[in-house]
Amino acid sequence: MEDASAKMKSSIILALDLEEDKPTRLLSHSLRLLEATHPYLCALKLNRQAVLPLGLFQGAKKLVDRAHDYGLPVIMDAKINDIGNTNRLIAEYYFRAGFDAVIASAFIGWEEGLQPVFETAHRLQKGVIVLVYMSHRGSAEGFGQLVQNPKTGKLEPQYRIFAQKALEWRADGAVVGATYPEKIRETNKILGDRVPIYSPGVGAQGGDVATAVKAGARYLIVGRTIVQAKEPDQAAKDLRDKAQKSR
Ligand code: O7M
């Protein structure tokens with residue numbers, strides 16, 4: 001990610017969240033968007049609602065390969081959330097299809113949860129990015145709840161404990177919503193330079209590029225503001241420039 005971001009002079013990750021009635025149209029639309037916007041991106045992110053209709057080793061792999069041809073790493077936003085045995089298989093499938101990193105939920109914990117995902121990923125030189133505080137309002141119910149930190153016995157918000165775990169687990173990234181810049185600042189203090197913050201939620205969800213970047217977001221994950229723009233390439237370029245200027 002660091003290399004791609006430095007080379008492309010961009011911290012924008014395109015979330016290819018499109019709606020099409022047929023998989024063939026979804027693939028051609030996705031390829032067109034990637035072709036138009038790739039000069040302004042540092043990575044591509046796919047969600048399950050794209051991989052399901054496209055097929056992992058069919059359309060999704062074509063997109064992954066095309067992104068790699070453009071020099072962009074590809075993140076699978078699987079939000080992995082099961083027991084270790086199935087998590088490992090899920091991660092292995094995505095990595096076999098060429099994805100460079102997977103996103104996982106910190107709620108399931110380490111032992112028999114995320115440990116097999118990290119071990120598989122790091123054995124294959126791939127990445128794991130964990131959710132620390134999501135961008136939507138309901139995030140407060142889980143990620144924001146006050147819990148007793150088993151290490152200190154003190155009450156702390158869940159996301160602070162997840163940020164500490166991201167460090168302990170040597171996660172390759174932590175997701176914190178751009179809609180909560182104060183939480184980006186807070187988690188950034190815990191994570192320092194060791195775990196970069198990936199921040200979704202600018203534009204359509206109300207987050208602001210400059211505020212998120214100044215608070216400590218290293219990468220911005222952007223969907224609708226680019227994919228629904230009349231000129232997606234211009235939208236991607238504007239976001240890229242705004243983020244670069246805010247550093
Ligand atoms: O820019 P948008 O709002 O159209 O899309 C945001 C993208 O970021 C979309 O692909 C979501 O799945 C993703 N996302 C969030 O919006 N909020 C989160 O808290 C986390 C993610 C995400 O990428 O998780 C890894």
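Ligands are counted one by one from 1 in listed order, and the atoms in each one are counted from 1 as well. The structure displayed is predicted, hence computed values, not measured ones.
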Check your understanding: Which option out of Ala78, Gly177, Pro200, Gly203 puts a heavy atom nearest to atom 14 (N) of ligand 1?
Key -> Pro200
Check your understanding: Any non-hydrogen atom of Thr225 lying under 4.0 Å from ligand 1?
Key -> no
Study note, to complete from the structure: The closest protein heavy-atom partner of atom 10 (O) of ligand 1 is Asp17 OD2, 2.6 Å
Check your understanding: Any idea which atoms of ligand 1 are less than 4.0 Å away from a heavy-atom of Lys79?
Key -> 12 (O), 21 (C), 22 (C), 24 (O)
Review point. Which bit of Ala15 gets closer than 4.0 Å to ligand 1, counting heavy atoms only: side chain, backbone, both or neither?
Key: side chain
Review point. Considering only the protein, which heavy-atom contact is closest to atom 17 (N) of ligand 1, and what is its distance?
Key: Ser135 OG, 2.6 Å
Point to revise | Check: His136 N/O within less than 3.5 Å of ligand 1 N/O | key: no
Practice item. Test side chain to side chain donor-acceptor pair (under 3.5 Å) on Gln145 and Glu141 and set out the steps. Key: CA-CA 6 Å; Gln145 67 193 337; Glu141 294 174 33; over 6 Å; no
Exercise for review: Decide yes or no on side chain to side chain contact (heavy atoms under 4.5 Å, CB included) for Leu239 and Leu220, but give the supporting numbers first.
Suggested key: CA-CA 9 Å; Leu239 284 160; Leu220 298 175; 5.9 Å; no
Check your understanding: What protein heavy atom is closest to atom 12 (O) of ligand 1, reported as residue, atom name and distance in Å?
Key -> Asn47 ND2, 3.2 Å
Review point. Quick one: nearest non-hydrogen protein atom to atom 25 (C) of ligand 1, plus distance?
Key: Ile103 CD1, 3.0 Å
Check your understanding: Given the side-chain rings of Tyr159 and Phe143, with only the six-membered ring counted for Trp, is the space between their centroids under 6.0 Å?
Key -> no
Exercise for review: For atom 5 (O) of ligand 1, grab the closest protein heavy atom and report residue, atom and distance to one decimal in Å.
Suggested key: Gly223 N, 3.8 Å
Practice item. For atom 16 (O) of ligand 1, find the nearest protein heavy atom and state the residue, atom name and distance (0.1 Å precision). Key: Gln205 NE2, 2.8 Å
Study note, to complete from the structure: Numbered in order shown, the ligand 1 atoms found under 4.0 Å of a heavy atom of Arg224 are 1 (O), 2 (P), 3 (O), 4 (O)
Review point. With no hydrogens and no angle check, is any side-chain donor or acceptor of Ser10 less than 3.5 Å from a backbone partner on Tyr40?
Key: yes
Review point. With hydrophobic residues grouped by side-chain heavy-atom distances under 4.5 Å, do Leu131 and Val147 end up in a single group?
Key: no
Study note, to complete from the structure: Among non-hydrogen protein atoms, atom 22 (C) of ligand 1 lies closest to Asp77 OD2, 3.5 Å
Exercise for review: Distance to 0.1 Å, residue and atom name: give those for the protein heavy atom nearest to atom 13 (C) of ligand 1.
Suggested key: Lys45 NZ, 3.7 Å
Exercise for review: Apply the test salt bridge (Lys or Arg N to Asp or Glu O under 4.0 Å) to residues Asp233 and Lys237: give CA-CA distance (whole Å), side-chain angles for both, the deciding distance (0.1 Å), then the verdict.
Suggested key: CA-CA 6 Å; Asp233 53 340; Lys237 182 177 184 302; over 6 Å; no
Review point. Do we see a donor-acceptor contact under 3.5 Å between the side chains of Thr179 and Gln205?
Key: no
Exercise for review: Decide yes or no on salt bridge (Lys or Arg N to Asp or Glu O under 4.0 Å) for Lys7 and Asp3, but give the supporting numbers first.
Suggested key: CA-CA 6 Å; Lys7 200 171 123 224; Asp3 289 353; over 6 Å; no
**Study point:** Centroid-centroid distance, Phe107 to Phe162, less than 6.0 Å
**Key:** yes
